[in-house]
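Below is one structure; the comments refer to it alone.
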Amino acid sequence: MEIVGSIFVELVKQILTPIGKCCKYHRGINRYMKILHEKREELNSRKEDTEARIRVELLPGRKLKKEVELWLGKVEQINSEIKILQEEVGKGKYFSRSRLGGVVFKKIKEVEQIYQRGVFFDGLVEENPLFGDILPTTTLGGENTSKRKLEEIWACLENDEVRKVGVYGMGGIGKTTALKHINNRLLENQDKFESVIWVTVSKASNVTKLQDAITCKLGLNISKYEDETTRAAKLYAMLSRKKRTVLILDDLWEVYRLEDVGIPEPTLENGCKLVLTTRSLDVCRGMSCIGIQMELLKKEEAQILFLDVVGQDVLHTSLKTIMNEIVEECGCLPLAIVTVAGSLKGTIDEFEWKSALAELKATRRGPNMMGPIFEKLEFSYNRLKDKRLQDCLLYCALYPEDYEIDRNDLIEYLIDEGIIEGMKSRQEAFEKGHSMLNRLENCCLLEGSMDYDKTKHVKMHDLVRDMALQLTSYSPRFLIEAGAGLKEIPEEENWTEDIVRASLMRNNILDIPSDASPKCPELLTLRLNYNILMSISDCFFTHMKCLSVLDLSYTSIKNLPESISDLVSLTALLLRRCEKLKYVPSLANLKALRRLDLSNAGITEVPEGMEMLSNLKYLNLDTRNIQMLPDGILPKLSHLQFLVFRLNASETMKLRGEELASLRKLETFIGRLYDINHFNTFVRAMVRKLTNYILQVGFHGFLEEAIYPYHPRKTVLLTKCTSSEGMLGEYLYLLPNDVEVLQILECHIVKSLCNLASLNNVTKLRKCYIAECDGMEYVLSSSSSCNGSLQSLETLELNGLCNLQGLISRERGASSLILLPPANFSSLQQIAIDSCPKVKELFMLEWLPHLQNLEKIDIQSCEQMEEIISATLDQDAGGTDIIKITLPKLKFLKLWGLPELKSFCSIGKVMVADSLQEISIWKCPKLKRIPFVDNEPCPPSLQSIDVHKQWWESLEWDHPNVKDVLQPLCKFWIHE
């Protein structure tokens with residue numbers, strides 16, 4: 001009877017405990033919200049204090065510590081989540097208060113944790129040992145001549161008596177190339193100088209522009225100061241704090257007084273030096289520089305450089321004699337040799353080479369001749385023998401001098417201009433565009449480069465641009481004043497009737513007055529982007545009836561003039577980031593329009609007449625201000641290939657699946673569907689697969705990452721899904737077969753991915769992010785047939801899953817080998833788990849052969865986590881064999897806030913991770929050994945161990961000597 005009574009008491013406890021919690025959360029939600037608000041204020045105060053310290057400490061040559069960056073990111077994330085939570089609580093009904101109260105309670109704990117981690121006693125920044133940019137370089141032409149000059153420049157930098165060096169010579173002789181090699185060499189040999197600042201100076205430069213260029217490199221913004229003296233003082237103060245710095249000014253055209261700009265005089269005391277390139281010895285003398293003249297190549301060196309570009313096979317043909325004559329015509333000038341050789345690359349026909357030589361000898365410029373180098377450049381231009389390639393090159397001259405042109409943006413313009421046309425799809429057009437730009441790079445008429453984020457750019461050498469400007473000064477005639485510092489549009493006499501393209505981009509034009517009405521009947525392109533332009537008179541476009549491309553992006557325009565409605569030839573209207581724009585006139589007459597870009601524009605409604613744009617191929621409505629798209633518009637835009645809406649801008653901006661399904665030519669789509677049924681309707685209709693997409697269902701104010709349409713990501717975002725919306729058999733969602741990124745937020749009704757969506761045919765999933773799904777118990781279910789669908793998965797992130805038990809459910813008595821198909825997790829590189837309190841183990845030991853690509857393990861705030869790799873009962877009791885745990889590619893291991901963690905693997909006596917670089921362990925009191933390092937030898941790649949000193953001293957070691965070896969790598973935290 002006592003047994004029955006105790007069972008009954010225990011049963012009552014099991015029932016009443018959760019009920020009591022619910023009541024507690026229900027009654028206390030208002031109090032919890034007040035506490036949360038107070039905690040958030042404390043956290044944001046600490047964030048503001050931290051940012052104030054950063055502004056003081058983050059000087060050039062220093063960088064923010066990674067842990068500080070991560071902490072600031074966490075603060076931003078938690079603020080976004082709290083804002084959404086406040087909205088939910090405000091709208092919450094009576095019966096949802098207990099659930100929301102529990103969420104608020106957990107959020108308070110999260111804020112407290114983040115607040116505690118925001119103390120950085122040992123500083124926020126660290127020295128950046130490599131302050132400067134490694135620049136892309138080409139091989140120096142002239143083995144002896146160029147290297148001799150390089151060593152001459154280097155000797156001046158080594159000589160303490162020389163503080164200023166000027167490298168001079170004619171255009172195209174290799175001054176910039178030589179200095180790029182010097183720049184990189186300085187960064188590789190940091191025993192004498194701490195930092196290198198490279199600044200490209202344009203022909204149209206002045207003191208203000210030079211100050212802006214230098215401060216941009218230093219991360220300093222002085223644009224709010226108009227007075228040159230004040231600007232110089234700010235720049236001087238910044239540069240004076242820097243010691244042992246080399247400032248390189250490339251392509252200087254005039255003499256500047258250093259004090260006027262704000263550049264401290266280089267002295268032996270500050271260890272600084274100034275190096276410049278110029279075409280004029282007078283500039284070197286005026287800047288008090290030691291002058292070093294670049295020399296033409298010797299004949300043999302010129303031949304070698306030519307062969308390096310055109311290919312060595314020429315030596316084994318009858319072309320060698322012709323090649324020597326061509327090299328002679330190039331005058332041993334490196335740029336001329338490279339461009340002419342590039343134009344003949346891949347050509348081995350003797351008659352074509354003879355014809356090219358004849359053309360080269362006959363090239364003359366007439367009365368406007370600008371020197372021999374232009375003859376050779378124009379020869380290379382003519383040798384393209386493809387008008388589209390030539391038009392593409394000339395189009396690049398519309399950008400300011402030395403401008404890094406984004407490849408994708410440029411290709412969009414080339415499509416707008418009809419330079420790329422006739423392609424069946426947008427993807428084909430982009431492939432054609434990249435092919436054209438590659439050819440121009442291969443011909444050495446454009447220079448390629450890549451950003452830190454791997455964005456590709458092209459740039460025109462200033463001499464190539466000068467050649468293009470010369471060509472476009474008569475036919476076809478361009479009006480180019482890009483980046484010229486204009487405050488008004490050019491005078492009327494500059495707007496001749498034969499102008500076909502005009503670029504006034506990157507100026508300071510404020511408005512276009514009512515008396516401005518240029519007579520340009522042949523004008524096709526007008527680029528006014530990147531101006532402070534606020535208004536345009538209605539008559540400005542009156543005499544531009546052929547205008548095809550109008551770019552007003554990044555301006556402060558408020559109202560477009562009514563005359564826009566009469567530009568019936570317009571094919572592209574670009575209003576990107578016109579954030580003050582309130583009015584767009586009717587577009588009904590613009591039936592030729594193919595591209596309309598309203599991304600980040602200020603308008604609150606779609607323009608009138610948009611349903612009439614039957615030829616529209618590109619529509620970008622990525623703006624938070626437009627609240628809805630009227631029904632019936634999309635089916636009328638049947639030629640759309642690119643369609644983008646802002647995700648999470650408004651709860652009312654939702655699209656119908658059947659309307660999207662009618663767009664048979666669609667290739668890129670970003671937007672939110674009405675509900676599950678509309679989502680499934682659209683996915684089912686995706687017979688012709690999209691090349692890029694982000695499909696969202698549900699509304700959430702915070703997204704895990706921003707995804708851009710040019711990046712080849714195929715993403716599905718599922719938020720707050722409910723079963724009442726409809727089912728597909730046993731599944732809620734029909735996922736596209738080629739989905740690469742899956743993000744799931746607040747889908748509380750699902751227990752695993754397997755009953756959320758069919759994964760059987762999903763074979764390209766690379767990243768999966770799941771957060772705040774209270775019902776999720778396992779990522780995959782062993783009883784489901786979807787178990788083999790994670791073979792391509794590279795990143796798995798799980799956050800705030802309060803009932804998660806593990807990655808894959810295991811039926812009683814089932815072997816874990818059965819649970820994991822052979823290829824599952826075989827591509828996994830990163831796994832991150834945060835705030836999943838019920839997970840006790842992460843991987844099973846049998847899965848180890850499938851985890852050989854794992855590079856990062858990040859586990860935080862999992863209160864019941866006992867070990868990372870778990871053994872079965874049989875393995876635990878199975879003999880004395882030493883089990884070796886090997887993760888050959890693991891680089892980063894982070895274990896934070898795991899109070900029950902006892903070991904990485906209880907039966908793994910030998911653990912090896914030879915690629916391991918960083919270890920970070922915090923608040924794991926029961927963990928007595930650091931995984932993977934208690935070996936002889938230690939991982940050779942290990943760089944840092946972040947731990948608390950007291951915990952470090954309490955560790956147990958199989959190899960006591962290892963502790964002494966590792967001690968220098970430790971970064972001890974002081975604050976708990």
Side-chain angles (χ1 to χ4, degrees), residues 135-138 200 309-310 335 338-347 377-469 471-472 476 478 480 482 501 503 505 525 527 529 549 551 572 574 595 618 641-642 667-668 691-692 708-712:
L135 300 175
T137 57
T138 53
T200 301
V309 177
V310 82
L335 181 62
V338 166
T339 52
V340 171
S343 71
L344 291 168
K345 188 188 297 185
T347 304
L377 293 174
E378 187 177 0
F379 165 80
S380 297
Y381 168 82
N382 292 328
R383 285 290 303 168
L384 291 172
K385 294 184 178 179
D386 182 332
K387 188 176 184 307
R388 295 186 188 280
L389 277 179
Q390 292 173 335
D391 288 345
C392 177
L393 183 67
L394 296 182
Y395 193 86
C396 293
L398 295 178
Y399 293 86
E401 185 179 352
D402 296 314
Y403 196 85
E404 296 276 350
I405 309 170
D406 184 289
R407 266 179 167 245
N408 285 318
D409 282 347
L410 178 57
I411 292 171
E412 292 281 15
Y413 286 115
L414 297 178
I415 295 170
D416 295 338
E417 301 284 356
I419 296 172
I420 298 174
E421 63 178 357
M423 302 294 113
K424 293 180 180 179
S425 68
R426 180 177 169 79
Q427 185 174 2
E428 284 186 16
F430 265 77
E431 289 168 356
K432 177 68 174 177
H434 284 296
S435 173
M436 291 170 67
L437 296 178
N438 289 343
R439 283 189 62 186
L440 291 173
E441 282 187 34
N442 291 339
C443 293
C444 304
L445 290 169
L446 289 179
E447 302 171 11
S449 64
M450 189 179 293
D451 234 339
Y452 67 93
D453 62 351
K454 298 186 178 179
T455 301
K456 291 185 176 181
H457 297 85
V458 292
K459 186 175 83 169
M460 297 185 92
H461 189 285
D462 54 356
L463 283 178
V464 176
R465 185 173 185 270
D466 287 342
M467 180 267 297
L469 293 178
L471 290 176
T472 56
F478 290 6
I480 302 177
R501 291 196 171 99
S503 176
M505 67 179 289
T525 303
R527 295 190 60 174
N529 48 318
V549 176
D551 192 350
L574 310 177
R595 183 181 176 204
Y618 179 113
Q641 297 174 336
F642 181 100
E667 298 177 47
T668 294
T691 54
N692 288 297
Y708 298 94
Y710 290 132
H711 294 182

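A quick note: this is a predicted structure, and the numbers were derived from the prediction, not measured. Computed over heavy atoms, backbone and side chain alike; hydrogens, waters and symmetry mates excluded.
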Please round to the nearest 0.5 Å and tell me the distance separating atom CD of E412 and atom CD of E417.
12.5 Å

I want to check something: taking the side chain as every heavy atom from C-beta on, are L446 and M460 in contact at a cut-off of under 4.5 Å?
yes

Within 6.0 Å of CZ in R439, more than 12 heavy atoms from elsewhere:
no

In this structure, CG of D409 is separated from NE2 of H457 (nearest 0.5 Å) by 8.5 Å

side-chain contact (heavy atoms from CB on, under 4.5 Å) for F478 and T525? Distances and angles first, verdict last.
CA-CA 9 Å; F478 290 6; T525 303; over 6 Å; no

When rounded to the nearest 0.5 angstrom, what is the spacing between CG in D391 and CE in M436?
8.0 Å

Are R407 and E441 ion-paired here, with the side-chain N under 4.0 Å from a carboxylate O?
yes

For the CG atom of L445 and the NE2 atom of H461, what is their distance to the nearest 0.5 Å?
11.5 Å

Determine the sole option in R527, R465, K459 for which the side-chain hydrogen bond (donor to acceptor under 3.5 Å, both in side chains) test with Y399 is passed.
R527

Do any N or O atoms from the side chain of Q390 and from the backbone of Y381 form a donor-acceptor pair under 3.5 angstrom?
yes

Gap between atom CG of L393 and atom CG of L440 - 0.5 Å precision:
5.5 Å

Donor-acceptor pair, side chain of E667 and main chain of S425, under 3.5 angstrom
no

Once you round to the nearest 0.5 Å, how far does CD1 of I419 lie from CD1 of I411?
12.0 Å

Inspect the surroundings of NZ in K387 and state if more than 12 heavy atoms from other residues, nucleotides or ligands are less than 6.0 Å away.
no

Flag, side chain of S343 to backbone of R383, donor-acceptor distance under 3.5 Å:
no

Any heavy-atom pair between the side chains of Y618 and R426 that's under 4.5 Å?
yes

Start with the C-alpha gap between N408 and F430, add the side-chain angles, then the distance that decides, and say whether side-chain contact (heavy atoms from CB on, under 4.5 Å) holds.
CA-CA 8 Å; N408 285 318; F430 265 77; 3.5 Å; yes

One thing to verify: whether E421 and K432 come together as a salt bridge, which I'm taking to mean a side-chain N less than 4.0 angstrom from a carboxylate O.
no

